[in-house]
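Since the structure comes first, as structure tokens, the remarks are kept for the end.
None of the values given here were measured: they were computed from a predicted structure. Here is the naming used below: chain letters follow the sequence lines, and residue numbers restart at 1 for every chain. Only this structure's heavy atoms are used, side chains among them; waters, hydrogens and symmetry mates stay out.
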Amino acid sequence: MDYDFKSIESKWQAYWAANKTFRAEVDASRPKFYVLDMFPYPSGAGLHVGHPLGYIASDIFARYKRLKGFNVLHPMGYDAFGLPAEQYAIQTGQHPEVTTRKNVARYRQQLDRIGFSFDWDREVRTCDPAYYKWTQWAFLKMFGSWYDPALDKARPIGELVKKLETEGYGDVSAKQWAESSEKEKSDILMRYRIAYQGETSVNWCEGLGTVLANDEVKDGLSVRGGYPVEQKKMTQWQLRVSAYAERLLSGLEGLDWTDSLKDMQRNWIGKSQGTEVVFNTECDGRTVPVTIFTTRVDTVFGVTFMVLAPESELVPLLTADDRRKEVEEYLDEVKKKTERERMAQTRNVTGVFSGAYGINPLTGERIPVWISEYVLSGYGTGAIMAVPAHDSRDYAFAKKFNLPIIPIIEGCDVSEQSFDAKEGKMCNSGFLDGMDVKDAIEAAKDYVEEKGLGRRKTNYRLRDAIFSRQRYWGEPFPIYYKDGIPMPVPESELPLKLPQIDEFKAQGGEPPLARAKDWTYCGYPLEKNTMPGFAGSSAYYLRYMDPRNDEALTSGQANGYWRSVDLYVGGTEHATGHLIYSRFWNKFLYDLGYVCEDEPFRKLVNQGMIQGRSNFVYRKVGTNTFVSAGLKDRYETTEIHVDISLVRNDRLDIEAFKAWRPEYADADFELENGEYVCGWAVEKMSKSMFNVVNPDDICDRYGADTLRLYEMFLGPVEQSKPWDTKGIDGVNRFLRKFWHLFWDRDTWLVTDGKAGPEELKTLHKLIGKEQQDIEAFSYNTTISAFMIALNELVELKCNKREILEPLTVLLSPFAPHMAEELWHNLGHTDSVSGASFPEFIPALAAEDNVTYPVQFNGKMRFTVEMPRSASPSEVESVVRAHPLTAKWTEGLNVVKVIVVSGRIVNVVVK
RNA sequence: GCGGGUGUGUUGAAAUUGGUAGACAAGCCAGACUUAGGAUCUGGUGCCUCGCGCGUAUGGGUUCGAGUCCCUUCACCCGCACCA
């Protein structure tokens, strides 16, 4: 039988589907292992060759773990709510549900061809009401909870109400609470709920007609679509993620994630420990205390002015009458700028004097209060003390507006720039004089607290997540408004289904749901916003544990068994979005006792991106003549992307090119050595660059096993790399050679003879290597080891079942279809995925001889080959007897055998 | 500016974690065979002045021994960025 991958692959894919080979069930007698991929958003373009990279890697791991005796949960689903489907709907009038279903079907078809071991019985789609019921449920739980700082966890809001009724809480006394109206009570509770409605400055994107979360905005543009984003005050639903800042930070410690990813999250959370200090200010006779935040109280003697954020609520209070005109002009100017303009002008210092003066609480000095956009309202208190000598931003501001600069560290030069380093000896600083800066920071903090001028304060950059979107294709909020008071739709009424509407575009500043008929609950209007994309993806890994449960997100039994994700594979682009929200969401459910693990993802691997390799042709300007890449510098040419399917090894198929586009039909060509050579570049894989490679094409030509093997062979999974099919023949050849260990045409070669020591050595070396490499997520080296082993076995003409049967098992995670076929040929009737990973016996893998390098004066060397069991003195005597040693050692006849932990590592002659 | 990472043949890369650098592939060169292919097989392939030579971005250091550890410089990639 020849290796006919087409029939083999479709046969086993059908077999796996029919037999539900990869179905996972709770089984307390076996250890579990949960391998998860970040589920895809099913876009209209389908999968390209880069998408499956992570899926292949995790599939290999899942299959390996099964062989190792684990009960593996390896599910897949679709993150199906989202903007592109809605945008498409706006353009074509097609309901997003229709396009989504179509795209999902195509994704499924493509995924199935690659031979993944997913348990499709557990598939979820975030846009399925049976699924988003639980997204809405979680929201209701968050609405019905508050964060109790005393217990440091979320608790039912009823506990807060009880506190308010009996003893009062925060700035609300029991008496005030009792006297409050329903609306006032609702407003008070809103300040504490985990999911709450509040006015805040939001990222408003006019182009998309919706607000966006911070992680959905980059460089002042929306991540989706690239439209400009501006800051706007709006009332929005928000999630109190900031309450979890410290736990999100400390929880990172125990996780097996890369340092860079953890650092991204730490950065995003942005913990900073400093001091809040109260400065009294006066303005037109009013006295206003202003609290500022600083991490450098030690520099308080160098303060020469104060600055307020333009959005600070203190600005009106601190604007002197004779400055009002200038201040208002400045505020207008700031307001008009989009976020992008504000960023672009980062180094452009702007500001205005308010007319107010503050008193430095330590020196009693009178200092002016300025207003500038370089101070952010959203961070700290929105007010700062400025120390131009030791902060570069304050320095730039002081220079621009001619404010004094007072150095307070001995010998520092602030004539050109500020001295920001935390080193040196303090001066001009009263009681801090002569101290080292590091000691002064602590001493100043203590002093300020002792004198009651301020207190230590920890700030976080992490902000609450804005949870409303003015869109159609998302989860509706289970909230209705009774006399303007938001009320939860009862849990028993969930899911609150997304209503049908005929036009998907937002109109008249109202979200699309405003157009829905009867969008009411018991006669009361329902919330018209929908939830953002991250809502549905925040707990999907929990739903996979028990996806058809209608009574709970996941049963205690299922959650208690599967617990959390052991291996999570996905792109690094979710570092500050999904991966923060999911951790938050999980911790919240953990607080309320719905899940048993505090952290959702134990180990996380970020697969790299596969870029496209584009090809170019060069057209002489103003002609229809194309010149080969090597000649293009002789003319003025235009570089044109050419579809990579028309190019092979950078050589253009001229006839195909002529047929590609009518305007090229009668093109002329200037060739090099009779060929047209194309230029190339590594770019993002996309339709517009004509460099997309569809995995289906690779499956057609080489088969899924080759695709899987090749994607892994390309290099470390974590690394980004361009797709380049040059090497694909190598892995394809490997598979065919592998096949020919078992079959020579129609002759079955496998015999029951006893395996020799060489064959056993090859096998066990490979077992050891594969085991070690897969655990380390290093698949390219495993495949290399496989190729070496195969070459050795071919050399040995090995055809022993004792070797080939375990070899088939070893191959199965990588090339499952071929492994199944050969497993079946070997006489098994079950799937190879039920086999056991062969046992590694180090003694069988060991080399008999070891080669020792011999060094002389650290330079020259030769080697001696000795049995592994040789003692250092035996090695030494062999080295001494060596003819070369004898020649060198006149006068310096010292042999040193270097032994490290009982192993000889080197032999040195001196 | 801050943080993280990377730098090895023509290319993708490997290196038992401090022990013969370039495994395994790709490409290229030469040859064999033929059903003339996008097939298969064999050999060669870091550099040069061919030596007791040189060689892992650069310069230094530790070590008997450094691609690997420490410091310098350079280049590139990623993330954050007026966060006080």
Item to check | Whole-Å distance separating the CE atom of Met787(A) from the C1' atom of A14(B) | outcome: 13 Å
OP1 or OP2 of [N] under 4.0 Å from side-chain N/O of [X]:
X	N	answer
Arg733(A)	A26(B)	yes
Asn732(A)	A25(B)	no
Tyr379(A)	A84(B)	yes
Ser372(A)	C82(B)	no
Arg266(A)	G3(B)	no
Gln719(A)	A13(B)	yes
Asn780(A)	A14(B)	yes

Next on the checklist: If a pair means Watson-Crick or G-U wobble with both distances below 3.5 Å, what does RNA chain B look like in dot-bracket form, with | marking bases paired to a different strand?
Outcome noted: (((((((..(((......[....)))((((((.......))))))(((..).))..(.(((..]....))).))))))))....
Checklist entry - Looking only at heavy atoms, what is the nearest atom pair of Val349(A) and Ala396(A), with distance? => result CG2-CB, 3.9 Å
Checklist entry - Do you know the tightest heavy-atom contact between Arg296(A) and Met385(A)? => result O-CE, 3.6 Å
Next on the checklist: Determine whether Phe5(A) and Cys699(A) satisfy the following criterion, side-chain contact (heavy atoms from CB on, under 4.5 Å), listing intermediate values before the conclusion.
Outcome noted: CA-CA 9 Å; Phe5(A) 62 82; Cys699(A) 288; over 6 Å; no
Checklist entry - Should C52(B) be called syn or anti, with syn set as within 90° of 0? => result syn
Checklist entry - Got Thr458(A) and Ser272(A) here, is their nearest side-chain heavy-atom distance under 4.5 Å? => result no
Next on the checklist: I need the full list of salt bridge (Lys or Arg N to Asp or Glu O under 4.0 Å) pairs touching residues 783-797 of chain A, with sequence neighbours left out, sorted by first then second residue.
Outcome noted: Lys765(A)-Glu792(A)
Next on the checklist: Any carboxylate oxygen within less than 4.0 angstrom of a Lys/Arg side-chain nitrogen, looking at Lys262(A) and Asp259(A)?
Outcome noted: no
Checklist entry - With a 4.0 Å cut-off, would you call Arg456(A) and Glu442(A) a salt bridge? => result yes
Item to check | Span that lies between the C1' atom of A14(B) and that of A30(B), in whole angstrom | outcome: 27 Å
Item to check | Spacing of the C1' atoms in A66(B) and G79(B) (rounded, Å) | outcome: 31 Å
Checklist entry - Reckon Ile384(A) touches a base, only the sugar-phosphate, or nothing at all at heavy-atom distances under 4.0 Å? => result base
